[in-house]
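What you see is a predicted model; the values in this text were computed from it and never measured. All chains are named by letter (A, B, ...) in the order of the sequence lines, taking the proteins before the strands, and each is independently numbered beginning at 1.
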Amino acid sequence: MPSSFPMTGKKIRLFQFLFEMLEDPRMASFISWVKPSAGIFQFSAQNKDELARIWGQFKGNKKVMTYQKLSRALRTYSRTGEITKVKRKLTYQFSLVVLRSL
DNA sequence: ATTCTAGGGAGGGATA
DNA sequence: GTATCCCTCCCTAGAA
């Protein structure tokens, strides 16, 4: 449950949203750290679509957000290196530069 | 064979 | 107007 809305202040980015969720213990059943010190995290196989739905709702999208669509955005992060895929199911890694900025 | 996860093309609203 | 950013939507392929 993000605290601020995009209408006021600058727009939140997907990776910032994910980081906030990771830092919230109540969201542990949706997304959780695998190795926090390395910025490695994973989505819950069971609740990843519910987390995506929350993201889409937060952004005010018309259609329902899904993990499939959310993960497409994560793939574009690999171009800039902000987040990369680790060779493990549903797990990704923040770059250390991004991690320090969050 | 069916379901789930990963990858990429296309396009759109917002912004510089 | 033009270019770029940051996703969103959809389709295909590969893994389980």
Practice prompt. Mind telling me whether Phe19(A) and Phe94(A) have parallel, tilted or perpendicular rings, with 30° and 60° as the class edges?
Written response: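 Perpendicular, since the angle between the ring planes exceeds 60°.
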Item to complete: Scan Phe43(A) against the nucleic acid and name what it touches under 4.0 Å (heavy atoms): base, sugar-phosphate only, or nothing.
Response: nothing
Item to complete: Indicate whether any N or O donor in one side chain lies under 3.5 Å from an N or O acceptor in the other, for Thr66(A) and Gln68(A).
Response: no
Discussion item. Under a 3.5 Å threshold, yes or no: a donor from one side chain and an acceptor from the other, between Thr76(A) and Arg72(A)?
Written reply: no
Discussion item. Among Thr91(A), Val34(A), Ile31(A), exactly one meets side-chain contact (heavy atoms from CB on, under 4.5 Å) together with Phe41(A). Which residue is that?
Written reply: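 Of Thr91(A), Val34(A), Ile31(A), side-chain contact (heavy atoms from CB on, under 4.5 Å) with Phe41(A) is met by Ile31(A) alone.
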Discussion item. Under the side chain to side chain donor-acceptor pair (under 3.5 Å) definition, can you give me all pairs with a residue in residues 35-54 of chain A, not counting sequence neighbours?
Written reply: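 Residue pairs with at least one partner in residues 35-54 of chain A: Glu50(A)-Arg53(A), Arg53(A)-Gln57(A).
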Discussion item. Test: side chain to side chain donor-acceptor pair (under 3.5 Å). Region: residues 93-102 of chain A. Which pairs qualify, not counting sequence neighbours?
Written reply: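 Counting only pairs at least two positions apart or across chains, no side chain to side chain donor-acceptor pair (under 3.5 Å) contact touches residues 93-102 of chain A.
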Fill in: Nucleic acid footprint by protein, nucleotides 4-16 of chain B - heavy-atom cut-off 4.0 Å, B for base, S for sugar-phosphate alone
-SBBBB----S--
Fill in: side chain to side chain contact (heavy atoms under 4.5 Å, CB included) against Ala73(A), all qualifying residues, sequence neighbours excluded
Leu14(A)
Discussion item. For chain A and DNA chain C, what are the first and last nucleotides along the strand, 5' to 3', with at least one atom under 4.0 angstrom from a heavy atom of the protein chain?
Written reply: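 Going 5' to 3' along DNA chain C, contacts run dC6(C) to dT12(C).
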Discussion item. Taking the nucleotide of DNA chain C with the nearest heavy atom to each, does Val64(A) or Thr80(A) sit closer to the 5' end?
Written reply: Thr80(A)
Discussion item. So, using ring pair (Phe, Tyr, Trp, His ring centres under 6.0 Å) as the criterion, who are the partners of Phe15(A) when residues are at least two apart?
Written reply: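 By the ring pair (Phe, Tyr, Trp, His ring centres under 6.0 Å) rule, Phe15(A) matches Tyr77(A).
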